[in-house]
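Notes to accompany the following structure.
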2 protein chains.
Amino acid sequence: MGVKSMELNKRKLQILQAIIDDYIVSAEPVGSRTIAKKYDMGISSATIRNEMADLEEMGYLEQPHTSAGRVPSDKGYRLYVDRLMKIKKLSITEAKYIKDLYAKKTNQLEQVIIQTSKILSSLTNYTAVVLGPKMDRVLIKHIQLVPIDKRCALLVLITNNGITKDAVISIPEGIDEDYLYRISNMLNHLFKDKSIEDIKLEPLLKIQKYMLQNREFFNSIIDALTTSIDVGDASEVYLGGAANIFNYPEYHDIIKAKEFFDLLEQKEFLYKLLVRSEKSGVSVTIGQENQYKELQEYSIVTATYSAGGRTLGTLSIIGPTRMEYSKAISVMDFIGKTLSDYLTQLFAEG
Amino acid sequence: MGVKSMELNKRKLQILQAIIDDYIVSAEPVGSRTIAKKYDMGISSATIRNEMADLEEMGYLEQPHTSAGRVPSDKGYRLYVDRLMKIKKLSITEAKYIKDLYAKKTNQLEQVIIQTSKILSSLTNYTAVVLGPKMDRVLIKHIQLVPIDKRCALLVLITNNGITKDAVISIPEGIDEDYLYRISNMLNHLFKDKSIEDIKLEPLLKIQKYMLQNREFFNSIIDALTTSIDVGDASEVYLGGAANIFNYPEYHDIIKAKEFFDLLEQKEFLYKLLVRSEKSGVSVTIGQENQYKELQEYSIVTATYSAGGRTLGTLSIIGPTRMEYSKAISVMDFIGKTLSDYLTQLFAEG
DNA sequence: ATTAGCACTCGTTAAAGGAGAGTGCTAACA
DNA sequence: TGTTAGCACTCTCCTTTAACGAGTGCTAAT
């Protein structure tokens, strides 16, 4: 057989691309005859058969059973994504559609995120998972205690990303509005321009001197601060288009479908999975590349969004490894950027 | 045949109950022999056959095809729910499990709602839909403008239910902190103890005299107030246990399953469906009783939750018409009450 | 190196043939 | 008059069988 034949020469790449292109839309194992007929490369099906056997031996293709066509392996998809596929730019209609949806203003960050998940899923036809803004590295812009009545006050926290959090806390006896005002100023002075993480670590030391009286009250403030932030985890995972999965025949098996929806219900897991370092741009995880067993039959395309150059969160779509990577990647890229522009502008103004 | 035989006598009710009890767990059409054997009523299968034919003619049972057993009709389920089924009280273990989960405090109302949807779905094995607190009839307890920096302020709104809403609004040139403070007081004075609805109707008239200067600013405040409230609709629909539907053989059909999940994705629709007048207690909608075509193959059990005697929202479960009504109703009832107690206490304190 | 030809594999589909569960009806019975 | 045993009949579901066809690998010819 000679070593020569096992090179990944141009023809092999061409054939691999053709097979994957075909399989992505058909979901059926691809045979040599199909390739020979559909793509006119001037070689016979027998030749293609030989090449396919080589590609299988090299790990780029798999055979469901002896007398079936070939199916791409994860390694095959990886090669396809990195070197073979043609990135499809969004159509002008699609780009305009997206731009228009982000045209109208709203101050409700959550609404924007929800809308993003819907757009993402409707354009890609996969399931979208969008994470709300990460709070941990965000800086505090303003912190204040607002008196409501004799017994309680509202703790308000505003970050430099324009996100607001608040919590009602009760006031112990014998604290008048003026004292509350002084505490409020003190907190603001102490924590302004600090990150949320800092609060968790520092306060006990720095505040200690203020804490001699009303120790409990201070504790409840710190408590409210940290817990109101920590909530960020599971509750800020937004899904869109979960039912899209039914479009794909691999999930017409009830067992598979159930697995998928069970997965989606584990919001904490999704959060852990998709929260990533600030690496911007679009990234693709194919099947077994995923560290989690539960996800090794899926592919995930992830992008980040930011405001004013600071990464805030991630958007992802999740679907079968037989995914329209080309379309998916360009949509993710475009929406990630559009959303970032939108948020940057929003925060700059508001 | 005689008119007599068509009465709903005790024996017919007994048989109907037996059939529905059986069908609810088996999901298979129930035959006369099954009833005769399993439930010892001292009559033969032939007699039961006659009664079943009567029950079918009266509309309580249906026959999928000539040589199959009987299946309850919606009318049959209705009779079952109203008169036949034995309400199963929660086991002590279950009651304790629920109580324990509501034992620990949190100020995050949203977390409580999310947890409720999880508990509901895990105990009933159906899909839970919980609506967040309705805002429209809620009274305003406190309203305030908190200055953040020169260019913007935070509008904070606290309701008598302890719910907080806020929005960042920008301040026009030439408004100093003192003036802002006066406006804040004015707003508070004007809107305190009013409902949100009132704001939408009244402000233009009442505020007009204040609005001579800074008309735009006032408009943006009113805008922020009303929109931050209106969000309430779709974004406050919480789902739990959607994947539970796969436990039931009627949804092993992919078409049916897809329909179900498509339904769940229409949050606005679910909101419209489940938001109801304050009628408290548990209510059941069976199949075609539902006004919406899309839901006529499902049954829905709904309860309300409240705080301090004021109804806030609804909890529901949705599942096949072949539902364990008895279990479902008692769980809904118990959780509705427990949640109400919890919230009542929470708001009384905080 | 390429390709035509061919035997072989294996999954898919359709038809055919029970098996089984259930019914309605009739006739006998208390 | 209500109840029940018996029976013919219906219809779905499951299994078996056979034929089909898409696809492969190998061999031999080009």
Side-chain angles (χ1 to χ4, degrees), chain A residues 1-12 14-16 18-19 22-23 26-58 60-73 249-250 252-253, chain B residues 1-12 14-16 18-19 22-23 26-58 60-73 249-250 252-253:
Chain A
M1 46 158 94
V3 174
K4 179 84 179 303
S5 75
M6 289 304 268
E7 248 176 82
L8 248 191
N9 55 27
K10 198 169 169 189
R11 193 171 72 185
K12 279 198 175 56
Q14 240 184 337
I15 290 173
L16 183 61
I19 291 173
D22 199 80
Y23 185 70
S26 74
E28 299 287 337
V30 183
S32 53
R33 239 178 83 85
T34 312
I35 298 298
K37 260 202 276 182
K38 249 193 235 174
Y39 305 80
D40 189 15
M41 329 192 166
I43 48 179
S44 75
S45 69
T47 309
I48 294 175
R49 259 200 304 285
N50 289 331
E51 297 285 46
M52 281 165 88
D54 287 352
L55 284 166
E56 180 173 359
E57 203 177 332
M58 295 161 88
Y60 296 109
L61 293 176
E62 285 165 1
Q63 219 173 0
H65 57 86
T66 352
S67 69
R70 300 306 205 292
V71 160
S73 68
E250 34 272 78
H252 286 189
D253 175 9
Chain B
M1 43 159 96
V3 175
K4 180 82 179 303
S5 74
M6 290 304 270
E7 247 175 85
L8 249 191
N9 56 27
K10 198 168 169 187
R11 194 171 70 185
K12 278 199 175 57
Q14 241 183 338
I15 291 173
L16 184 60
I19 291 172
D22 200 81
Y23 185 69
S26 74
E28 299 288 337
V30 183
S32 54
R33 239 178 82 87
T34 313
I35 298 300
K37 259 202 276 182
K38 249 193 235 175
Y39 306 80
D40 188 16
M41 325 191 170
I43 48 178
S44 76
S45 69
T47 310
I48 293 176
R49 261 201 302 286
N50 289 330
E51 297 286 45
M52 281 164 88
D54 288 352
L55 283 168
E56 181 174 358
E57 203 176 333
M58 294 160 87
Y60 296 109
L61 293 177
E62 285 166 2
Q63 218 171 0
H65 56 89
T66 354
S67 69
R70 298 308 205 294
V71 160
S73 68
E250 34 272 77
H252 286 190
D253 175 8

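Proteins come first, then strands; the chains are lettered A, B, ... in the order of their sequence lines, and each starts at number 1.
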Dump the pairs, protein N or O against N or O of nucleotides 27-30 of chain D, anything under 3.5 Å, distances to one decimal.
none

Minimum-distance pair of heavy atoms, taken over all atoms of B/P29 and B/P64: CG-CG, 3.9 Å
Interatomic distance where CZ belongs to B/R33 and P belongs to C/dG24 [whole Å]: 16 Å
Separation of atom CD1 in A/I35 from atom C1' in D/dG23, rounded to whole Å: 13 Å
Whole angstrom value for the distance that separates P of D/dG25 from CD of A/E57: 11 Å
Non-hydrogen side-chain atoms of A/K12 and A/E7 separated by less than 4.5 Å: no
Close side-chain approach of B/I15 and B/I19, heavy atoms under 4.5 Å: yes
Contact check, side chains of B/V71 and B/L61, non-hydrogen atoms, under 4.5 Å: no
Residue list, side chain to side chain donor-acceptor pair (under 3.5 Å) with B/E250, at least two apart or on another chain: B/R322
Interatomic distance, B/E56 CD vs C/dG22 P [rounded to whole Å]: 15 Å
Check nucleotides 27-30 of chain C against the protein and report each pair of N or O atoms closer than 3.5 Å, with its distance, or say if there are none.
none

Test salt bridge (charged side-chain N to carboxylate O under 4.0 Å, His left out) applied to A/E28 - qualifying residues, sequence neighbours left out: none
Results of side-chain contact (heavy atoms from CB on, under 4.5 Å) for A/A18 - residues two or more places apart only: A/I35, A/Y39, A/M41
Shortest non-hydrogen contact between B/Q63 and B/G69, atoms and distance: CG-O, 3.7 Å
Side chain B/S45, main chain B/A36, donor-acceptor under 3.5 Å: no
Residues from residues 61-71 of chain B lying under 4.0 Å of DNA chain C - heavy atoms: B/Q63, B/T66, B/S67, B/A68, B/G69, B/R70
Partners meeting salt bridge (charged side-chain N to carboxylate O under 4.0 Å, His left out) with A/R11 (sequence neighbours left out): A/E51
A/L55 side chain reached by A/L8 side chain, heavy atoms, under 4.5 Å: yes
Atom of B/G31, atom of B/M52 and distance for their closest heavy-atom approach: C-CE, 4.2 Å
Tabulate protein N/O versus nucleotide N/O from nucleotides 12-17 of chain C, keeping only pairs under 3.5 Å, one per line.
none

Between C1' of D/dG23 and OH of A/Y23, the distance in whole Å: 16 Å
Between C/dG22 (P) and B/D22 (CG): distance, integer Å: 10 Å
Nearest-angstrom distance from the residue atom CD of B/E28 to P of C/dG20: 17 Å
Phosphate OP1/OP2 of D/dG23 contacted by A/T34 side-chain N/O (<4.0 Å): yes
Set of residues satisfying side chain to side chain donor-acceptor pair (under 3.5 Å) with respect to B/D22, sequence neighbours excluded: B/K38
Partner residues of A/E62 under the salt bridge (charged side-chain N to carboxylate O under 4.0 Å, His left out) criterion, sequence neighbours left out: none
Donor-acceptor contact below 3.5 Å, side chain B/S32 vs main chain B/I48: no
Polar atom pairs (N or O), protein with nucleotides 2-8 of chain C, under 3.5 Å:
from	atom 1	to	atom 2	distance (Å)
C/dT2	OP1	A/R11	NH1	2.9
C/dT2	OP2	A/R11	NH2	3.2
C/dT3	OP2	A/S44	N	3.0
C/dT3	OP2	A/S44	OG	3.3
C/dT3	OP2	A/T47	OG1	2.4
C/dT3	O5'	A/S44	OG	3.4
C/dG5	O6	A/R49	NH2	3.4

By side chain to side chain donor-acceptor pair (under 3.5 Å) - contacts of A/S44 (at least two apart): A/T47
A/L55 CG - D/dT24 C1' separation (whole Å): 15 Å
